[in-house]
Amino acid sequence: MWERIPLKKTVKTFASQQFLLALSASVLAMTGAASAQAAPIPELVQKNGKYALMVDGAPFLVLGGQANNSSNYEAALPKVWPAIKDMHANTLTMPVAWEQIEPVEGKFDFSFVDTLVKQARENNVRLVILWFATWKNTGPSYAPTWVKTDNKRFPRLTNKDGTTSYALSPLYDTTREADKKAYVELVKHIKAIDGDQHTVIMLQPENETGVYGAARDYSKKADALMARPVPAALLKKYNKKAGDWNTVFGKDADEYFHAWSIATYIDDIVAAGDAIYPLPTYVNAALKDPLNPNHLAGAYASGGPVYSVIDVWKAAAPHIELLAPDLYTPTSQSYEKTLELYARPDNALYVAESGNSPVYARYIFSALGRQGIGFDPFGFDYTGYSNHPLGTTKTDIEMVKPFATVYKLFEGMDREWAKLSFDSQVWGVSEPDDHSDQTLDLGAKWNATVSYREWQFGLRKWDPENRNGYPEGSDVPSGGVVVAKLSDSEFLVAGMNARITFGVGKENAKKGMLLDRVEEGHFEDGKWVFERVWNGDQTDYGLNFTGQPVILKVRLATYEQ
Ligand code: DGJ
């Protein structure tokens with residue numbers, strides 16, 4: 001049985017969730033009440049280090065699209081929904097700003113949230129809501145005027161040279177309590193309008209926390225806290241003996257202290273929200289360069305959940321389900337490394353943001369292959385805004401197309417995929433920048449090689465002069481493949497712009513391998529719908545995926561030789 005990830009205070013086993021579902025279904029059958037009321041609140045569950053985001057009682061795969069920052073007003077929504085629809089996304093990620101819901105202290109306005117939820121339902125998509133408050137890209141720009149202009153009540157942190165930073169300090173109860181009050185009102189409101197329907201499936205408290213230009217707050221208050229003993233939970237996590245921060249953590253002390261301060265601040269806010277309506281929560285990270293060991297705190301957002309302080313955040317913030325990367329590094333080496341660093345047994349992989357240039361679309365395959373619970377690239381609406389050079393210059397359907405192509409592939413099987421990812425085994429790769437082959441270790445019996453820039457027929461060496469070059473457009477990496485295990489010798493395979501060639505693993509080493517049956521099909525209501533069998537040219541040279549991705553069900557067999 002799988003357990004609810006023991007992060008929220010009320011640990012629940014999945015068995016008890018199933019029981020509740022069955023119970024409410026039978027109560028509903030007796031009373032004839034609307035079935036929508038039966039489903040439990042979304043939650044993240046884990047089993048042996050594998051994760052599933054449960055939505056309405058079953059694993060859900062987030063095929064998301066995040067709107068641009070200033071699209072969080074009713075007037076912008078008509079330009080948001082068409083992009084999400086064209087993208088074939090099942091989830092829209094949208095900010096809700098503190099300045100928007102509490103422009104005057106103590107007076108709340110949830111009209112945008114009401115409209116957003118209503119229109120999301122009309123558009124048949126779920127919502128992830130981003131709480132832009134004390135931190136948005138580390139600054140307080142989305143805090144209300146009464147917060148961001150009152151440095152006395154809501155102090156900014158002090159830089160090492162004694163100057164005042166742009167960022168708010170996490171060390172003040174006044175700031176945390178004010179943020180918490182607004183967050184709690186937001187959660188209460190979501191519960192009131194959505195507690196029975198679960199259009200909102202996750203919350204992201206704050207956005208890209210940390211600070212640039214300093215490793216921590218260098219105020220007297222902060223110095224005094226640094227001289228105090230490191231909290232027991234953190235000592236335990238790092239297996240360290242008691243002492244003050246500098247003694248225990250040396251050169252990392254400043255960053256760890258700041259990460260601890262921010263993480264405990266947000267955890268306190270989330271805990272208050274959870275007490276009302278415990279939706280899954282995650283925090284997103286402005287990244288530290290995964291390939292540069294000399295990248296210094298402050299040059300990247302110090303204190304935010306970068307890979308080197310994941311353990312600090314885990315110890316400090318038990319109410320936050322997961323830490324998620326914002327991926328704007330287009331090179332495959334860097335992107336893959338970051339995915340690897342955030343897909344941990346204690347952290348479900350969720351790509352909270354990614355660039356929207358075409359090169360990023362293929363990384364959906366690697367993220368899902370690493371058991372990701374979702375992918376949520378940034379900048380998807382038709383408001384005409386482009387964040388180039390982070391993303392594409394395009395702001396119309398051309399921006400959406402590469403992502404739509406992949407999402408369309410998963411659209412009919414999103415639930416099925418999420419279930420397989422949780423219950424079975426999945427693999428996935430995307431085309432590296434150098435187009436090199438990749439090997440998938442599919443267990444003792446089988447393996448597979450994924451190659452790129454292949455024609456659909458034959459081997460490249462048959463054309464030694466490469467007379468016809470490579471398939472059109474294949475100089476820009478766009479390929480990817482995912483594989484899910486259906487049984488010992490049966491796999492679901494989906495891909496684009498790639499070739500997959502199966503081979504025998506150790507256990508079958510002396511045998512010959514054959515593709516017993518390759519079916520092309522699709523999923524409807526969780527059921528496989530057969531379309532045709534691939535054979536002959538379609539299977540003699542590996543299984544070849546073009547720019548129009550397809551799903552295959554592949555049964556492998558061996559023969560004695
Ligand atoms: C990352 C942030 O989290 C987003 O809100 C946005 O500002 C992008 N950077 C840049 O477009």
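First listed ligand is number 1; within each ligand, the first listed atom is number 1.
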For the backbone of [Y] and the side chain of [X], can you confirm whether one donor and one acceptor N or O come within less than 3.5 Å of each other?
X	Y	value
Asn159	Ala214	no
Asp376	Glu353	no
Ser366	Glu336	no
Asp434	Ser436	yes
Asn284	Glu208	yes
Gln371	Val426	no

Quick one: which ligand 1 atoms are inside 4.0 Å of a heavy atom on [X]?
X	answer
Leu390	10 (C)
Glu208	1 (C), 2 (C), 3 (O)
Asp326	3 (O)
Asn207	2 (C), 3 (O), 5 (O)

To which protein heavy atom is [atom] closest, and what is the distance rounded to 0.1 Å?
atom	result
atom 8 (C) of ligand 1	Tyr328 OH, 3.7 Å
atom 6 (C) of ligand 1	Phe378 CZ, 3.6 Å
atom 1 (C) of ligand 1	Glu353 OE1, 3.0 Å
atom 2 (C) of ligand 1	Asn137 OD1, 3.2 Å
atom 11 (O) of ligand 1	Asn387 ND2, 2.9 Å

Worksheet item: What are the two closest non-hydrogen atoms of Thr138 and Val211, and how far apart are they?
Response: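 Minimum heavy-atom contact is CG2-N, 4.0 Å.
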Worksheet item: When you look for heavy atoms under 4.0 Å from ligand 1, do you find them on the side chain of Asn68, its backbone, both, or neither?
Response: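 It is neither part, as no heavy atom is under 4.0 Å.
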Fill in: Approximate separation, where rounding is to 0.5 Å, of Ile262 CD1 and Asp217 CG
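Taking CD1 in Ile262 and CG in Asp217, the distance rounds to 10.0 Å.
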Practice prompt. Can you figure out which of Gln204, His388, Lys136, Gln66 has its heavy atom closest to atom 5 (O) of ligand 1?
Written response: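 Shortest heavy-atom distance from atom 5 (O) of ligand 1: Lys136.
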